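When reading the values below, keep in mind they use all heavy atoms of this one structure, side chains included, and skip hydrogens, waters and symmetry mates. Quantities reported herein were computed from a predicted structural model and do not represent experimental measurements.
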There are 2 protein chains.
Amino acid sequence: MADPTPDRTDQSLIALRRILRATELFERKLAQAAGLTPAQLRVLQIVAKKDHGTATPKALATQMGVSQATVTALVDKLVARDMVARHRSDVDRRQTDVAITDKGRAAVSSSPDALQQKYVKSFEALMDWEQAQLVASLERVAAMLDAHEIDASPVLTIRDIRQEDY
Amino acid sequence: MADPTPDRTDQSLIALRRILRATELFERKLAQAAGLTPAQLRVLQIVAKKDHGTATPKALATQMGVSQATVTALVDKLVARDMVARHRSDVDRRQTDVAITDKGRAAVSSSPDALQQKYVKSFEALMDWEQAQLVASLERVAAMLDAHEIDASPVLTIRDIRQEDY
DNA sequence: CCGTTTCGTTCGTCAATCTAACTAATACAG
DNA sequence: CTGTATTAGTTAGATTGACGAACGAAACGG
C-alpha cells in the first residue's frame, strides 16, 4: 500500500484474473443460452468449424486438452440431444467421426452472445493503433504464459461464433 | 485469409484463448504441487491472505463467485486434511470462522512455482515501460470484459503465492 | 415475545473429469 | 500369413465441483 511504485507484476496478475473470471462467467452464459453446458458447447464448436463438420474423439480430446474418456461422455450427451451423430469411419474403422447435425449447427449459431458482443464491440470501437497495441500485448502475455504448451491455441470458441453472426 | 488487414478482433480473441488455456493448466499444476485441487487451493489462499487468517464461508462464497453450499464442501475437505479449522464466531454465533492452520499455511507457501516463475520472471525481465504497457492493456481488456460484473476482482490466487515466495 | 432475515450445513443431484480395464481394428515384424 | 504391438474408442468406477432446496440456529426488529 505504501509502496510508491505499485507492483506491476501484481497488477498484471490481478488483471489476468479478472479476465479469467469474466470469461468463465461469459462462457457459462453463452452455453446456457444455447441450452448446453460450456464443455458441450466447446465440443460442438470445434466440430462445427471443421471442414466437413466432423472430428474424431481423439482430435477433440487433444484440442480440448482433456482425456478421450471425457470426450466420450460429452459426445454421449450431445448425441442424446441430437446435436451430433457418430459414424464409423470407412478408411479406418477404428475411428469414429463425430458429425454435427442441423440441430447442432442451429444451437451453435444461435448462441446469443451478450458479453461476447460486448467485448467485440468494445474492441472494434477502439482506434486502429489501440487495437494493434492490445493484440501485441495479449500475444506477448500469451507467449509468456504458454511458451511451453505448444499445441494449445486453436480452439477459438469465441471467434467462430462471432463469425456465425454475420 | 486473403484479407489484407488480418482481423485484429480475431487475433485478440485467439490470444485471449491462449491466455485462458495456459492459466488454467497453470493453476492445476500449482494446486497439484501443493497436494490440493485448484478450488481447494483458492479457498486456502483467500483465507491465508486475510489479516487473521480467517474468513467466513459467506465471504468465501462471495469472493469466489460460488454458492455457500459449495464452500461448505470445499472447507469440509480442507478440514479433513487439517489445512483449516472451523471456529464459531463469538460476536455472531451464526457465523463460522474458517481459520488456516500451520499445515495449511505450509501448503500454500510451498507451492513450488515452476511455470509460475516463468511468467513472473518473463514479466519482470521486461523494461519498465513495457510492463506498464502490458498492465494497461490487460486492465483495458479486463474492463471490456467485466464492466458489468462489478464484484469479481479480488481473488488473486497467483499473486499471493508469489509474495509468499519472497 | 414473535416473525423475519441471515448464516451455515445437509441432502440429493448432476456435469466434468480422471484412470484403468476392455474391445476392436490396424500395422508391422518375421 | 501369423502373431504381437499399437491405436481408437468405450465402459466402469471414482472424485471433484457446483447447484438448489430444505433446515436449524442465531440475531434483529417491532
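Among the heavy atoms of the strands lying under 4.0 Å from A/Q95 are primed sugar atoms or P, OP1, OP2 only; no base atom is included. Residue B/A39 is classed as a sugar-phosphate contact, given heavy-atom separations below 4.0 Å to backbone atoms only. When heavy atoms are screened at a 4.0 angstrom cut-off, A/T96 is found touching the sugar-phosphate backbone but no base atom. Nucleic acid contact class of A/R86 (heavy atoms, under 4.0 Å, all strands): sugar-phosphate only.
Partner of A/V79 under the side chain to side chain contact (heavy atoms under 4.5 Å, CB included) criterion, chosen from A/V75, A/D82, A/D76: A/V75.
Remark: the backbone N or O of A/V98 is not paired with any side-chain donor or acceptor of A/T54 at under 3.5 angstrom.
For A/T37, no side-chain nitrogen or oxygen approaches OP1 or OP2 of C/dA15 to under 4.0 Å. Taking only side-chain nitrogens and oxygens, B/T70 never comes nearer than 4.0 Å to OP1 or OP2 of D/dG17.
The separation between B/L78 atom CG and C/dG8 atom P is 16 Å, rounded to whole Å. For the pair A/L74 CG and C/dA16 C1', the computed distance is 7 Å after rounding to whole Å. Spacing between atom CG of A/D90 and atom C1' of C/dA24 amounts to 16 Å, rounded to whole angstrom units. A/D76 places its CG atom 14 Å from the P atom of C/dT17, with the value rounded to the nearest Å. Rounded to a whole Å, the CG atom of A/L44 is 17 Å from the C1' atom of C/dA16. When the C1' atom of D/dA26 is taken as reference, atom CZ of B/R94 falls 6 Å away, rounded to whole Å. In this entry the distance linking CD of B/Q68 with P of D/dA25 reads 17 Å, nearest Å. Regarding B/K77, its NZ atom lies at a distance of 12 Å from the C1' atom of D/dA14, rounded to whole Å.
Between A/H87 and A/A99, the shortest heavy-atom distance links the atoms CD2-CB, 3.8 Å. Looking at every heavy atom in both residues, B/V47 comes nearest to B/G53 through CG1-O, 3.1 Å. Contact record, A/R93 with A/R88: O-NE, 2.7 Å, taken as the closest heavy-atom pair.
Closest-nucleotide positions on DNA chain C for A/A73 and A/R88 were compared, and the one nearer the 5' end corresponds to A/A73. Checking A/D92 against A/A69, the closest nucleotide of DNA chain D that is more toward the 5' end is the one next to A/D92.
In this structure, of D/dG9, C/dA15, D/dA27, it is D/dA27 that holds the atom nearest to the side chain of B/R93. Taking the side chain of A/P57 as heavy atoms from C-beta on, and the options C/dA16, D/dT10, C/dA25, the nearest nucleotide is D/dT10.
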